[in-house]
Amino acid sequence: MTQVLTAAALLVTAAGVLSAIAAYTVSRWIGQALPVLLDFLTAAGLLRLAADVSWGSILVAAAVIAVRKVAALGIAVVPRRPGEDLSSTEL
Amino acid sequence: MTCGARVVVSMTFSAELLPEADLREAIGVLVRVVETAGALIIFVGAVWAFARFAAALVRGRGQATGFNGIRLTLGRFLALGLEFQLAGDVLRTAIAPSFTEIGQLAAIAAIRTALNFFLGREIAKERAEVAAVQSAQRKADSRPVEGSR
């Protein structure tokens, strides 16, 4: 079971990288691709935590979640393009 | 029969009916089932999201507005899987034999609870944004075209 979950975590990580590349290719904006990658890495971290309950896995999962939160805050603050103000919307 | 003898008999009877080793094994099986369900939900969500992103890549540019919806649904899968894993953590505390294991369980439960909380907030925020976009589109669609009168 542990090996299956570890393999699943690796697959999800690979899927996350490919999905982030797809998101960047379509949107041409790292602010769209980075959250996608971090969501998949979070899913992979949770799968790895289910496979192996150790302090290392716990720290990795916590680190990924913290990076995800910080990246989300950073993307919310930084404008999409240079000179674009934060109040502009895509509606 | 005296009171003390009755207590000894009932304790012996319950120990025979529910030996600790069997109880641990039963709870261990339940924990594995519940945790596997949580992991399966997370994996299915990731596969679904990957398929949607691949489809968006094939369709090309102009599909970036749908990304938030895909991430929202992936977030829902993660939140549901986390609920199952948290249930597994609660069950596991029933058979955790040492303080080290209890400490690890507490750390895992705290991480999963925090992530569940953040995901819940993000899902609510994304849902509000999607509703706002749909409302704006409906207003734009219902507005009469200039010069048509």
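Just so it is clear: chains get the letters A, B, ... in the order the sequence lines come, proteins before strands, and each one is counted from 1. Note that this is a predicted model, so its numbers are computed, not measured.
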From [X] [atom1] over to [Y] [atom2], what is the distance, rounded to the nearest 0.5 angstrom?
X: B:L82; Y: A:T42; atom1: CG; atom2: OG1; result: 9.5 Å
X: B:I111; Y: A:L59; atom1: CD1; atom2: CG; result: 7.5 Å
X: A:L49; Y: B:I108; atom1: CG; atom2: CD1; result: 4.5 Å

Joint hydrophobic cluster, [X] plus [Y], side-chain heavy atoms closer than 4.5 Å:
X: B:L80; Y: B:L86; value: no
X: A:L5; Y: A:W55; value: yes
X: B:F118; Y: A:L34; value: no
X: A:V70; Y: A:L37; value: no
X: B:F117; Y: B:V90; value: no

Quiz item: Any idea which of B:I42, B:I70, B:V47 has the most non-hydrogen atom pairs under 4.5 angstrom with chain A?
Solution: B:I42
For [X] versus [Y], what's the shortest heavy-atom pair and its separation?
X: A:L47; Y: B:A39; value: CD2-O, 3.4 Å
X: B:L78; Y: A:D39; value: CD1-O, 4.1 Å
X: B:A46; Y: A:F40; value: O-CE2, 3.4 Å
X: B:A56; Y: A:V26; value: O-CG2, 3.7 Å
X: A:L46; Y: B:Q85; value: O-NE2, 3.8 Å

Exercise. Please determine, among A:A44, A:A9, A:A23, A:A51, the option with the most heavy-atom pairs under 4.5 Å with chain B.
Key: A:A23
Self-check item: A:R68/B:L119 under side chain to side chain contact (heavy atoms under 4.5 Å, CB included): CA gap, chis, key distance, verdict
Solution: CA-CA 11 Å; A:R68 183 175 177 274; B:L119 277 173; 3.5 Å; yes
Quiz item: Non-hydrogen atoms of chain B under 4.5 Å away: do they reach the side chain of A:I21, the backbone, both or neither?
Solution: neither
Self-check item: Toward chain A, the part of B:A110 with a non-hydrogen atom under 4.5 Å
Solution: neither
Quiz item: Given that the side chain runs from C-beta out, which part of B:R52 has a heavy atom under 4.5 Å from chain A: side chain, backbone, both or neither?
Solution: neither
Practice problem: Could you name each residue pair satisfying ring-ring contact (aromatic ring centres under 6.0 Å, His included) that touches residues 35-55 of chain B, not counting sequence neighbours? | Solution: B:F53-B:F67
